[in-house]
Amino acid sequence: MTTEAQPDKLLLLDGNSLAFRAFFALHNSLDRFTNSQGLHTNAIYTFSNMLDSLLAAEQPTHVLVAFDAGKTTFRTEMFPDYKGNRSKTPTEFAEQLPYINQLLDAYGLTHYQLPNYEADDIIGTLAQAAADKMPVTVVTGDRDLTQLTTANTTVKVTIKGVNELETYTPEHVREKLGIDPEQIVDLKGLMGDTSDNYPGVTKVGEKTALKLLKQYGSIAGLYEHVAEMKPSKLKENLINDQQAALMSQTLARINTTAPLTIDLAATNRRPVDQTALIAFYQEMDFKSKLAKMDLGDLADENEADAAETPIKLVELTRSNLASALAKQQPRAFDLDILGDNYHVDTPVGFALGTPQQWYYSDDLSLLQEPALSQWLADENQLKYVFDSKKTDVLLARLDLRIAGMSFDLLLVSYLLNTFDNSNDLGVIAHLHGYAGVQTDLDVYGKGTKRAIPTDYAVLGEHLSRKAQAIYQLQAQLTEQLRANDQDQLYDEIEAPLALVLAQMELAGITVDSQRLKAMQQDFSKTLTEIEALIYQDAGHEFNINSPKQLGVVLFEELKLPVIKKNKTGYSTSVEVLEQLQKSHPIIERILTYRQISKLQSTYINGLLKVIHPDHKVHTRYLQTLTQTGRLSSVDPNLQNIPVRLPEGRKIRQAFVPSHPDWEIFSSDYSQVELRVLAHVSGDQNMQAAFKNGLDIHANTAMKIFGLTDPSQVTPDMRRQAKATNFGIVYGISDYGLAKNIGISRPQAAAFIAAYFEQYPDVQAYIKDIVATARQQGYVETIMHRRRYLPDINAKNFNLRSFAERTAMNTPIQGSAADIIKVAMINMQQRLTQEHLQAKMLLQVHDELIFEAPTEEIPLLAKIVPQVMDSAVSLDVPLVVDSAHGATWYDAK
DNA sequence: GCTCTCACG
DNA sequence: ACGTACGTGAGAGCC
């Protein structure tokens, strides 16, 4: 990258027209240009070359690549046949467009499309917006755009291939056509356009049209004087086709006032994302491009360069503290720990400041200095951080408050792309093209070698560079959020949620270790007993927990039939064992052993290991991990505590309130995912079932079994209907459904067909969402959470099918996650408002768990469901069920 | 570290 | 024809 300041310059590319030219440039080699996945890459490759040479030649500071949003535009509204003669876009071309967008993203170039408008209109509008600010170059394959030529705007049109361009200035237009750029719409109005399929005036071509324009100036001028023309066939045609001429002129005119949702600032070039670009070239098999990048060398060189570029840093002391915080301005703040568990580990140091000056220290007592603690707590003093939840918890453990964290690099990066889910600042910064920082792995090491650098200066440098990375990425990523229409998702959901989660984690939930230990005793006795019986059945001792040894016993020694194999040998999963249950008494015992052994190791022993001195477990919710927007829970995972089987469910008896005379209170959404499906699909039948408060599974059973009365629904029909409902949410297939409910595949196919017949808009939704994913490369939730699906166009059936199921499931699962997140934020606020002692402790995807004094339970029973069901407004009601009791087990 | 198994929504 | 349900975390065995 150049470091010298460049004069501003805007480059506007006509994405569709250039990509289409790129496609045909290598059309003869179409079938040789595929990657290992079978994706055609000829257009991507040529486009990529073209981009490289354009960027090198033009050196723009601002770039926008405009794309057509679809077939219908304001022009087709005016004239339905506009571009009506175009043949269908070849799929080999369409499949490449999402990758061109990916390439542009990696290059840090903005791309944009706008419903109802063509790329031309986006370009025209931006060219005008930039008119008095910076010179503009437009590159296109479409000569019509030469009408945009002005003293400030140059239009370059492809002549041959994509790299030979003809440059149009106003002078060149006059030289070539003898008319001004503004007259081009009059020219097109008279002569029409066969490729865009609008008529113009009969028998008038370019020559006649130019002659007329030289004489009369414009279409308007021409018709003012048409009566004076001497009688001729031309005069007749002009008079007859006046309407056609005026309409054609309007169609040809580029709209320079399109309602863009982006502005000039959004076209500012961002740094090239080297990591993404390399990954992209690798995916495309663009070996020559990779070779040019000189991979390792380039990356290393960049990093070395960036790491060598000095930054301004100084150790923070009590004497320079005041000057460090003198001005009110946003600062980056980074507080580090060695391990992952910020509930246990102690911080190693911190850095704060701006690129003008960074201050670092490993002396945490400095944070207690009034100047610093007040700065932290002041919501008007903005802080840019990485992981606001972690920062909040760590400071809370030091009895400090932090407010004003207006930018969280970790959260923002996750919203922009769920693949960027690394928890390491260095990794994320590199993903966004910022190389001036190392990863924690590089500096602290890993595993047992993980340690604070012995050289204090090295630690200080790393902390300061992390703070600087956060600071430098703030503007760019905030702009990207806005461009993605995700600013609300960040400002109103994820950012406030982080602080709610921090409070929940800090609160923790009390675990009755005596109760767990009593169960531990029982379980070990049971295990010893079953173990002995299993050894008897097998005729010898072996490790029952080893699938390998168990496989030998069952399938070689006892010669039981092999149902299923896996990579390493025989499968011994529940599914397999259940099918063998009647063949040998050992099976039943193994199943019981497995069940108890799981409870013992994962839940009893596992939980006992992570109880803090306060008798509580403090889970960490991972807010930036899942691909759908759900939370996950670790150390310990409190989102998979047993509930389905009675033996396991008893574990919940060990989760108790933190005070005597308090209770556990729990509320959960009823069928939230199906309600989301009813909402997003707009299916009237499914919506009616929810609006009428019907049992959705029984209702589905009636529909797919063709029953007329709810009393005809047997429990088994309901079970199958329920499985079908779930299947739909997961992205159904007859194979999967058949396997799940134990029916034949054709039967399952018939179920699905019946289902779609009864819920036709659900079927339409599924079709649409997959098409949307193919077209734009990602799917969205109701709150604009995104998930990119790079495999949606894969040739490989499995990859593509998986992406298709994900396209169906993610908006549903993700929107449900959005909803409960909103509810949690509102809930926390409401608890404070009502001055309740009750605390929100846990979230389990569709359920919230609280502890509260017994006397507050009646109020909670009123407000929790109220807050949850009003979190968002859907076309169907949200229903919430509540329960409470002495332990989590009893809150059922 | 990977694989298998199984706990949850 | 292809072979799968969607999203997670943790423990145990084995290398």
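Throughout, protein chains are lettered first and strands after them, A, B, ... in sequence-line order, and every chain is numbered starting at 1. Any value given below was found using the heavy atoms of this structure, including those in side chains, with hydrogens, waters and symmetry copies removed.
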DNA chain C-proximal residues of residues 578-601 of chain A, any heavy atom under 4.0 Å | A:K598, A:S601
Is there a donor and acceptor pair closer than 3.5 Å between the side chain of A:S733 and the base of C:dT4?
-> yes
Interatomic distance, A:D635 CG vs C:dT8 P [rounded to whole Å] = 17 Å
Return the value, rounded to whole Å, for the distance between atom OH of A:Y621 and atom P of B:dG9.
-> 14 Å
Would you say a side-chain N or O of A:S632 is under 4.0 Å from OP1 or OP2 of C:dG9?
-> yes
Side-chain N or O of A:T572 closer than 4.0 Å to phosphate OP1/OP2 of B:dT5 = yes
Let me know the distance between CD1 of A:I820 and C1' of C:dT8, rounded to the nearest Å.
-> 15 Å
Options B:dC6, C:dC15, C:dA5, nucleotide nearest the side-chain atoms of A:V574 | B:dC6
A:R787 side chain near C:dG7 phosphate (N/O to OP1/OP2, under 4.0 Å) | yes
Does A:D695 pair with A:R718 as a salt bridge, N-O distance under 4.0 Å?
-> yes
For A:N566, report the nucleic acid contact type (base, sugar-phosphate, nothing); a contact means any heavy atom under 4.0 Å.
-> sugar-phosphate
If C:dA1 has a Watson-Crick or G-U wobble mate with both distances under 3.5 Å, name it; if not, just say none.
-> none
A:Y444 ring centre to A:R450 NZ or CZ under 6.0 Å, with the angle to the axis within 45°?
-> no
Note: A:E578-A:K564 ion pair, threshold 4.0 Å (strictly below) = no
In whole angstroms, how far is the P atom of C:dA5 from the CD1 atom of A:I752?
-> 15 Å
Measure the distance from NZ on A:K567 to C1' on B:dG1 and round it to the nearest whole Å.
-> 13 Å
Taking the inter-plane angle between the rings of A:F665 and A:H884 on a 0 to 90° scale, is it parallel (under 30°), tilted (30 to 60°) or perpendicular (over 60°)?
-> parallel
N/O (side chain, A:Q549) to phosphate O (OP1/OP2, C:dC14) under 4.0 Å | yes
Watson-Crick or G-U wobble partner of C:dC14, both distances under 3.5 Å | B:dG1
So what does A:N543 hit on the nucleic acid, given a heavy-atom distance under 4.0 Å: a base, only sugar-phosphate, or nothing?
-> sugar-phosphate
Side chain to side chain donor-acceptor pair (under 3.5 Å) against A:Q600, all qualifying residues, sequence neighbours excluded = none
Output yes when at least one side-chain N/O atom of A:N545 is less than 4.0 Å from OP1 or OP2 of B:dT5, else no.
-> no
Contact class for A:V844 vs. all strands (heavy atom < 4.0 Å): base, sugar-phosphate, or nothing?
-> sugar-phosphate
Worked check of salt bridge (Lys or Arg N to Asp or Glu O under 4.0 Å) between A:K821 and A:E494 | CA-CA 8 Å; A:K821 284 178 170 181; A:E494 296 301 338; 2.8 Å; yes
Atom CZ of A:R649 and atom P of B:dG9 are separated, to the nearest Å, by 9 Å
Would you indicate what A:I641 reaches in the nucleic acid, counting non-hydrogen atoms under 4.0 angstrom: base, sugar-phosphate, or nothing?
-> sugar-phosphate
Would you please name every residue forming a side chain to side chain donor-acceptor pair (under 3.5 Å) with A:Q579, sequence neighbours left out?
-> none
How far does the P atom of C:dC2 sit from the matching atom of B:dA7, given to the nearest Å?
-> 32 Å
Are the aromatic ring centres of A:F705 and A:F751 under 6.0 angstrom apart?
-> yes
Okay, side chain of A:Y603, backbone of A:I651: is any donor-acceptor separation there less than 3.5 Å?
-> no
Of the listed B:dT5, C:dT4, B:dT3, the closest approach to the A:R745 side chain comes from C:dT4
Ring-on-base stacking between A:Y735 and C:dT4, under 5.5 Å between centres and under 30° between planes: is it there?
-> yes
Mark yes or no for whether A:N809, through its side chain, and A:T806, through its backbone, hold a donor-acceptor pair below 3.5 Å.
-> no
Report the nucleotide, chosen from B:dC4, C:dG7, C:dG9, that has the shortest atom-to-atom distance to any side-chain atom of A:T628.
-> C:dG7
Within the pair A:R644 and B:dG9, is there a side-chain N or O less than 4.0 Å away from OP1 or OP2?
-> yes
When we call it a touch if two heavy atoms are under 4.0 Å apart, what does A:N740 touch: a base, just sugar-phosphate, or nothing?
-> base
A:R805 side chain N/O closer than 4.0 Å to the phosphate oxygens (OP1, OP2) of C:dC6?
-> yes
Between C:dG3 and B:dC6 - P atom distance, rounded Å | 25 Å
Kindly say whether the aromatic ring centers of A:Y755 and A:Y759 come within a distance under 6.0 Å.
-> yes
Can you tell me how far P of C:dA5 sits from CG of A:N798, to the nearest Å?
-> 10 Å
Is any side-chain N or O of A:Q639 under 3.5 Å from a base N or O of B:dC8, one able to act as donor and the other as acceptor?
-> no
Within the structure shown, what part of the strands sits under 4.0 Å from A:L737 by heavy-atom distance: base, sugar-phosphate, or nothing?
-> base
How would you label the contact of A:G731 with the nucleic acid (heavy atoms, under 4.0 Å): base, sugar-phosphate, or nothing?
-> nothing
For A:F726, which contact category applies under a 4.0 Å heavy-atom criterion: base, sugar-phosphate, or nothing?
-> nothing
Could you give the CG-to-P distance, from A:D734 to C:dC2, as a whole number of Å?
-> 13 Å
Check every strand shown and say whether A:A748 touches a base, only sugar-phosphate, or nothing at a heavy-atom separation below 4.0 Å.
-> nothing
Among the nucleotides B:dC8, C:dA5, C:dC6, whichever has the atom closest to the side chain of A:K739 is C:dA5
C:dT8 base to A:R630 side chain: any donor-acceptor pair below 3.5 Å?
-> no
Using a cut-off of less than 4.0 Å, is there contact between a side-chain N or O of A:S571 and OP1 or OP2 of B:dT5?
-> yes
Taking for A:K548 and for A:S801 the nucleotide of DNA chain C with the nearest heavy atom, the one nearer the 5' end belongs to A:S801
Touch class at under 4.0 angstrom, heavy-atom based, for A:N640 against every strand present = base
OP1 or OP2 of C:dC14 less than 4.0 angstrom from a side-chain nitrogen or oxygen of A:S546, does that happen here?
-> yes
